[in-house]
Amino acid sequence: MKYDFTRIEKKWQGKWEAEKPFTALYGSEKPKSYILIEFPYPSGTGLHVGHPRPFTAMDIVARKRRMLGYNVLYPIGFDAFGLPTENFAIQNKVHPMVVTKNNILRFTSQLKKLGYSFDWSRCVDTTDPEYYKWTQWIFLKMFEHDLAYKALIPVNWCTSCKCVLANEEVVDGGCERCGAEVVRREKSQWMLRITKYAQRLVDDLDDVDYVERVKVQQRNWIGRSVGAEVDFKTTTGDTIRVFTTRQDTLYGATYMVISPEHSLLKKWSVENADEIHTYQEDAAKKSDFERTELVKEKTGVEVKGVRAINPVSGKEIPIFISDYVLASYGTGAIMAVPGHDVRDWEFAKKFGLPIIEVVAGGDVEKEAFEDCETGIMVNSPLINGLNVEDAKVKITKWLTENGLGVEKVNFKLRDWVFSRQRYWGEPIPIVHCEKCGYVALPENELPLILPDVENYETTETGESPLAAMTEWIITNCPKCGGFAKRETDTMPQWAGSSWYFLRYADPDNKNALASKQALDYWTPVDWYNGGMEHTTLHLLYSRFWHKFLYDIGVVPTPEPYMKRTSHGMILGEDNQKMSKSRGNVVNPDEYISEFGADTLRLYIMFIGDFEKAAPWSHNAVKGCKRFLDRVWNLAEAKIEGRATSNEDLSKEHETAVHRAVKKVGCDIEVLKFNTAIATLMALVNEFYITKPNRMEIKLLLTLLSPFAPHIAEELWELQCFEGYASGQPWPEYDEGKTIEANIDMAVQVMGKLRGTINVPVDSEDEFVVRTAVSDEKIARCIESKEIMRTIVVKNKLVNLIVK
RNA sequence: GCCGCUGUGGUGGAACAGGUAGACACAAGGGACUUAAAAUCCCUCGGAGGCAACUCUGUGCCGGUUCAAGUCCGGCCAGCGGUACCA
């Protein structure tokens, strides 16, 4: 019989649907293992080949964990709020809820066709009011703890989505999603105080097992820098506070620069007010992107009539405004040390300002000397002769003692702009009362249901579509009962995904986001795999929410995920990112119907290094199909014999099988699925040379089952083995049996390979050398030469040094 | 600019912890089977030379350490990702 994957896959998927063997158990005695993938956004275009890569990888891990005896939670859900659905709804005049339901149905059937061992009974949908009730609840808790606040701030405004974006959502000056231009606008927005957690978000990375590149990227994004705040008096009697990481160079501060938005500018009456004003207006007009794009050329205007006083030298120095100083970082003002900062140096050269060397070691006339390692302080009476590190300590102490400054840590991380002027998101459960201000909705009014609207489009003034719903907006203040208006902005897409993994622990709970008992048992997540693109978005956001929930006693651990790994992207056959416009998109459905889900699963894991990007190859898929055909032909007919333990392995295959068990098991743990599969292929190749016995087939199917579960179960059944392949304990191997009795050792002469010898494993060095020199070929290489030295690496090689 | 990663056959990629470079596949070529094709099976497959045994050479480039370097060190070059006037 031919390998009829269509029939087989349908059969086993039906069985899994009916018997639900992958359901995570409540109250199990077994140790738990929580394996998590990033739940998909159910887009209208259906499943993409990018999805199965992480899903299959973690499915293999989950299946192996079950075989190892764990109570595994491998859940799935849908992150379904979001713009594409809303846009589709607008264009096609359908309710986004309808679009979402359809998309989820389609995704569900596509995912089921891939044979994943998800626990479907715990499936969550972020747009379900029973779910977003708790998203809103967490927001209310944050509001209660002063972590959610409303502020008038300059925001990133996407001109195409007509919506604000978080800093994390702006990519190259454009919208992360649609690529359209992002401009700055002043808007009153809900904000989350993620900055309050900045320090802990950095520090606690030390306690989790994340791949290093993820940690590095988060640390960079949070951008912790240690320095000092220093007060500079001015000739008007005001104080300008600056932030610097180079307190040591204070004597070299020959001018100051403040941002064009600095508040003191409003207070001062300066000689060149018009000039200043023009510059301020120009700066305000520019988007952040434009401001940073003109990196090359520094601009600025001197504030005439006011001067600052260097607190250590007592010298008067000029003050400039320039847009290279950002209002939003530090204090919005800097002390400029042109000798030891490239930006200040450029500015000083352009404006003819003095450059003083305070750290010896470079040539400050030629370029700024920024080296902190080797430099020695000069021209700085308080700290001359010290190295940079010691100078920092001493000057900070001096500043503190004299009330002129204080040590300070700053972060690049900004608070999270949390409101969106869109329809398809969680309503923010806050009302605005003229008397009481912003008031939280009482918990018993949750969920605040997203009302039906006529029109899903953002209003011309840039308000949420909800703003047009007067009936819904007008309500009573929960505090004073008076007239109040509901918040019309909704939450960003990242809200629902910031805590979804907690809901999986107890998805039907009506009284809490999950019961304490369920959270205590299941959390934290043991292994979370996801895309690098979420490192500074979802991954950071959810760590923040989790820490907050930990602080208020809702979750038992300070970190949500113990381990985080990341997969590479699947590229098109042309080695380019898949996109509709390039026409290189691969549809997984077509491959499932042409080759079967097992082949697709296998190929997508065999494609290359899991952590790196890999181009799709139609031909290589065929190779994986060929492998499964070969497995089928090997095991289709029942093999007679005994298959009760490893003792039943044949002599000729014993080593290869023990090795395969070891290699496949280890490789899965370190994400080396490609070499695990290569090992299985090699084993099958051996079985084509000498036929496998019953036990050997049994082990092959057991090892194969996490990768290609359908064919493994079918062949298991055809062999009349008991139970299911997926229900077997993960096989054990004997380390001693992974080594053959006799091995080939390389023989080198002067470091060059000259031959191989076959010797018993663990042979004595002396014996190895004797065997080597008596080898005919080797003897020829060393004849008439004297052996000076021999190097033997046990079971590997022997190197003869001759003269 | 800064931070991180990566450079290995025609291609995707292997190589534990410095120890036989190219596992496992794909493509290509040859052969068997077939009326034929597909499928399957067998052989060859980094480069150069040789009838052959074999020899030389080869992991982005230059140098170093070592009995031995794809792997370690120093200096470059190229590509990818992140970040971007963050003081």
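Small disclaimer: the values here were computed from a predicted structure and weren't measured. Protein chains get the first letters and strands the later ones, always in sequence-line order, with residue 1 at the start of each.
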**Item:** OP1 or OP2 of B:C41 under 4.0 Å from side-chain N/O of A:R630
**Value:** yes
**Message:** The criterion is ring pair (Phe, Tyr, Trp, His ring centres under 6.0 Å); which residues satisfy it with A:F595, sequence neighbours excluded?
**Reply:** A:Y591, A:H618
**Message:** Any donor-acceptor pair, under 3.5 Å, between the side chain of A:K298 and the base of B:C85, if you only look at N and O atoms?
**Reply:** yes
**A:N584 side-chain N/O to A:S579 backbone N/O, donor-acceptor pair under 3.5 Å** = yes
**Asked** What would the secondary structure line of RNA chain B be in dot-bracket form, counting Watson-Crick and G-U wobble pairs under 3.5 Å, with [ ] for pairs that cross earlier ones and | for pairs with another strand?
**Response** (((((((..(((......[....))).(((((.......))))).((((....))))..(((((..]....))))))))))))....
**Prompt:** With rounding to whole Å, what would you report as the distance between B:A39 and B:A15 at their C1' atoms?
**Reply:** 34 Å
Shorter than 3.5 Å, N or O on both sides, protein versus nucleotides 72-75 of chain B: list them out with atom names.
none

**Message:** Using the P atom as the point on both nucleotides, what is the distance between B:U6 and B:U71, in whole Å?
**Reply:** 13 Å
**Request:** Measure the CD1-NE2 distance between A:I604 and A:H567 for me, rounded to the nearest 0.5 Å.
**Result:** 10.5 Å
**Prompt:** Mapping A:F627 and A:N633 onto RNA chain B by nearest heavy atom, which one lands closer to the 5' end?
**Reply:** A:F627
**Prompt:** More 5' along RNA chain B: A:N685 or A:T245, using each one's nearest nucleotide?
**Reply:** A:N685
**Prompt:** Hey, is B:G9 sitting syn or anti, using the within-90° cutoff around 0?
**Reply:** syn
**Prompt:** Quick one: ring pair (Phe, Tyr, Trp, His ring centres under 6.0 Å) partners of A:Y603, sequence neighbours excluded?
**Reply:** A:W616
**Fill in**
Contacts of A:Y255 meeting ring pair (Phe, Tyr, Trp, His ring centres under 6.0 Å) (sequence neighbours excluded), chain-then-number -> A:F320, A:F347
**Complete:** Under a 4.0 Å heavy-atom criterion, the protein footprint on nucleotides 7-21 of chain B, written with B, S and -, is -----BSSSB--BB-
